[in-house]
Amino acid sequence: MMRYLAGRLLRAMLTIFLVVTFAFFVLRLSGDPALLIMSVDAPPESIAAFRQSWGLDQPVWVQYLAYIGHALTGDLGNSMRDGRPAIQLVVERIPATLAITVPAFLLKIAIGVPAGIYAALHRNSLADRLTMVLSVAGFTMPSFVLALLLVLLFAVRLGWLPSSGADGIAYAILPIVTLGAAGAAILARFTRSAMLEVLGQPFIRAASAKGLPWRRVVAEHALPNAAIPTTTIIGFMVGTLIAGAVVVESVFAWPGVGRLLVVAVANRDLAVVQAILLLVAATMVSANIAVDLLYGWIDPRMRQVPR
Amino acid sequence: MPQPLIDIRKLTVDFDTGRRIVRALHGVDLAVQPGEAVGLVGESGSGKSVTWLAALGLLGSRARLGGQVLFEGRNLVGSAVAELEAVRGACIAMIFQDPSSSLDPVYRIGKQLGEALQLHRGMAGTAALAEAARLLDRVGIADARRRLGDYPHELSGGMNQRVMIAMALAAEPQMLVADEPTTALDATIQAQILELLQEIRRDTGMALVLISHDLGVVAENTDRVCVMYAGRIVEDAPIGTIFAEPAHPYTRGLLSALPELTGPRRRLVAIPGVVPEPWNLPRGCSFAPRCAAFEAACEAAAPASVEVAQGHWAACIRAGGRNL
Ligand SMILES: Nc1ncnc2c1ncn2[C@@H]1O[C@H](COP(=O)(O)OP(=O)(O)O)[C@@H](O)[C@H]1O
Ligand SMILES: [Mg+2]
């Protein structure tokens, strides 16, 4: 077990390292920050000075080694825009992002899981078909389209909610609903198929043959078994709590990590983009490890397998 | 004739597959006396499992049942779910072909046995644990106490089938339906499981319905055989009669496909062709296209079951009246 965990952690570090490296080179090959941040007609000598002060005049691999060296000591560099540490800029935005992604996450579970269970238990009923149609609509529709539809309805037409900004709880509602709807759709579909798969297993019929009432067959045998794959998906959703709101934050001008990312990319604010990608990679990788460990804990068949 | 324990009369089952309605059983008549051991044989797809799943109401909402299943004077067809639940397990237990997937993978054996004991005998805690261990011991599982803590995936198929039998015994039912209980197991384990079923029957006097596609298995373990083909029982007779004077050509076909234990070795002859799909049955007798004794009259109508001799029924136009 310890060896397995060590191997898993090593792989996780490698993944994060690769993400950081990839981002580093792509960003540096895709545009010159100096030209974007300084105005176009800035004198050549001040552009050169800017390049020098940020080390952009060095060969890329020298910049890379310097970056990795600093990163290992916890220094992710400063923003080229306002000179503050990139990590600080990013961390400041995390609460705003969590303020919409965590409620959206709870909404997904609260709607998606029961809907999926109900649909599976009433397969081919009207309710099942309706759930599936909504679910397909929910995850095929791009989130910015859903966001715009919601804005048109609730902000423009009905005037109940503000369309963008972050000036109180009312502003969070549409972003949360937009994020939650798509996730609920995915989760409903997934839960339904997990349930159907379990309900078709011989042990379900055997439990009924034993005389167990259907309610107990569902509660004590079907649900715990369907919970295994469903928990996995929910675990992966935890990994998107930070990174999953880029589009929605942009549409609603919500001041979270996702919006910071969009702005930083547009400005080639290298250190900030890198810090965000590092954070995103780290959360996703940690969520995956957590899911793996959870899997071993909830599924007895995974427990004694020699790793 | 004493009062049968369970009396299935003209049982029909139609499956609504969405595209069409398919008749899987065409009026099955089958009665089992208390303590009797009855075999149900037939090739795969002939309706053996569906018969007993239907009798216990285990086919789900896509199946429409017709006819009667009389148990203790009540008709189980169309009766309330609660009534069926009270019969399942408690009066009639059923075990299945694939023991390892008939147990819930997320619970320990002890917990699953405990569930049956709680359900049928109101036992809990250490009393249930002790009784669970006794049952495992009863079905020949060594070191029963320790095994209670095992998960199904940690046991072999044969062991899991023993656990299923122990669970069936938990309620002390009047009858056990064993649906191909040894098909998934290798030959020596198969013999041990069948031996165990015999032993339990001797001790408890419970009735046994042994479903198998293997006439040999049924012959060694039951008193009477019902031969099923394409959703009908085509012959029903005591074991000895089936071997000495089979009246239905399908039964004769099954017999000639059986390896002979004594006497001269001969070639095994499989019946040509396959069981027709339920939605594509031939006209008249369903067996006609594969029958060695086919004649034009076979296509007129599905033959009714006639009593060829006392306690010997067959559904063939050549049975009974004319000599074969
Ligand atoms: N749930 C179902 N839906 C549709 N057809 C079914 C269903 N279950 C069984 N059948 C059909 O009923 C027939 C009898 O099946 P079964 O009783 O399982 O045969 P066996 O004699 O091998 O146990 C088969 O043709 C099978 O395809
Ligand atoms: Mg079967």
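If you're wondering where the values come from, they're calculated on a predicted model, not measured in any experiment.
Side-chain contact between B:L119 and A:P213 is present, with heavy atoms from C-beta onward closer than 4.5 Å. Side-chain atoms of A:P300 and B:Y151, non-hydrogen and from C-beta on, do get closer than 4.5 Å to each other.
Across B:I95, B:L53, B:V87, the residue that shares the most heavy-atom pairs under 4.5 angstrom with chain A is B:L53. For the options B:A90, B:S102, B:G89, B:P152, heavy-atom pairs under 4.5 Å to chain A are most numerous at B:S102. Considering only heavy-atom pairs separated by less than 4.5 Å from chain B, the leading option among A:D299, A:I298, A:L212 is A:L212.
For residues 95-117 of chain A, every residue pair satisfying the side-chain hydrogen bond (donor to acceptor under 3.5 Å, both in side chains) rule, not counting sequence neighbours, is listed here: A:T97-A:E249.
A donor-acceptor pair under 3.5 Å links the side-chain atoms of B:E85 to the main chain of A:W214, judged by distance alone. In terms of modelled atom types and a separation under 3.5 Å, the side chain of A:K210 and the main chain of B:E115 share no donor-acceptor contact.
Remark: A:R123 CZ is loosely packed, at most 12 non-hydrogen atoms of other residues, nucleotides or ligands lying under 6.0 Å away. Heavy atoms of other residues, nucleotides or ligands lying less than 6.0 angstrom from CZ of B:R19 number 12 at most. Counted within 6.0 Å of CZ on B:R146, heavy atoms from surrounding residues, nucleotides or ligands total 12 or fewer; the atom is thus considered open.
Not counting sequence neighbours, the partners of A:Y118 by the ring-ring contact (aromatic ring centres under 6.0 Å, His included) test are A:H122. Legend: residues meeting side chain to side chain donor-acceptor pair (under 3.5 Å) with B:E180, ordered by chain and number and at least two apart, are B:T183, B:H213.
Both the backbone and the side chain of B:L58 come within less than 4.5 Å of a heavy atom of chain A. Residue contact with chain A, scored on non-hydrogen atoms closer than 4.5 Å, is absent for B:L84.
The minimum heavy-atom distance between A:A206 and B:M164, with the atom names listed, is CB-CE, 4.1 Å.
Within residues 216-244 of chain A, the residues having any heavy atom under 4.5 Å from a heavy atom of chain B are, by residue number, A:R216, A:E220, A:H221, A:P224, A:N225, A:I228.
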